[in-house]
Amino acid sequence: MIEINAAALLCRKSFARRRPAMTIAAMIGKPGKPIPGTTLFDGEAARKGYALNAMCYSFNEAANRQAFLADEEGYCARYRLTPGQRRAVAERDVLGMIAAGGNIYYLAKLAGIFGLNVQDVGAMQTGMSVAAFKQMLLDQA
């Protein structure tokens, strides 16, 4: 049987009540307020992009990447992507995929199939050339 130290338990409870909760709202000021130039990935975006993100997650398996390349439209249909998501995938429009609820961490798998790396996607997001985006990263180092 484990003995519980009542004083330690009370101390932990007291500390937990005094410590402010760390929330996204506390970090950015107002809940749901996006950072200028970004698409906020929140619960609504997660629901909207569930099928797209599930498809991208499937690309962790090499066989699924090959199946996508063999029949892109059929693969998208298998995951029941919306017409907007299908259009963004077909057009290789990463920003459109983000707007359609795609999470960049999942989309990175799809971008890799297209031969894009994280710096290519970062350049797209900022509207810069890849060379200018890389230089900006170096300048901040």
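Note that this is a predicted model, so its numbers are computed, not measured.
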Evaluate the side-chain proximity of [Y] to [X]: yes if any heavy-atom separation is below 4.5 Å, no if none is.
X: Leu52; Y: Asn103; result: no
X: Arg86; Y: Glu73; result: yes
X: Arg87; Y: Thr82; result: no
X: Phe59; Y: Leu107; result: no
X: Leu138; Y: Phe133; result: no
X: Gln85; Y: Met97; result: no
X: Ile98; Y: Gln125; result: yes

Ignoring hydrogens, what is the shortest heavy-atom contact between [X] and [Y]? Give both atom names and the distance.
X: Val121; Y: Ala111; value: CG2-CB, 4.1 Å
X: Cys56; Y: Lys109; value: O-CB, 3.7 Å
X: Asp120; Y: Gly115; value: OD2-O, 4.1 Å
X: Ser58; Y: Asn64; value: O-ND2, 2.8 Å
X: Gly101; Y: Asn53; value: O-ND2, 3.0 Å

Inset, instruction - Look up atom CD in Gln119 and atom CE in Met136, then write down how far apart they are to the nearest 0.5 Å. - result: 10.0 Å

Legend entry - Charged N-O contact under 4.0 Å between Glu72 and Arg92: yes

Inset, instruction - For residues 78-123, pull every pair meeting ring-ring contact (aromatic ring centres under 6.0 Å, His included), keeping only residues two or more places apart or in separate chains. - result: Tyr75-Tyr79

[X] side chain to [Y] backbone, donor-acceptor under 3.5 Å:
X: Arg80; Y: Ala77; value: no
X: Glu91; Y: Ala88; value: no
X: Lys48; Y: Ala99; value: yes

Legend entry - Joint hydrophobic cluster, Ile113 plus Leu95, side-chain heavy atoms closer than 4.5 Å: yes

Legend entry - Cluster overlap Leu137 with Ile104, hydrophobic side-chain contacts below 4.5 Å: no

Legend entry - Criterion side-chain contact (heavy atoms from CB on, under 4.5 Å) against Leu110, the qualifying member of Val94, Val89, Leu116: Val89

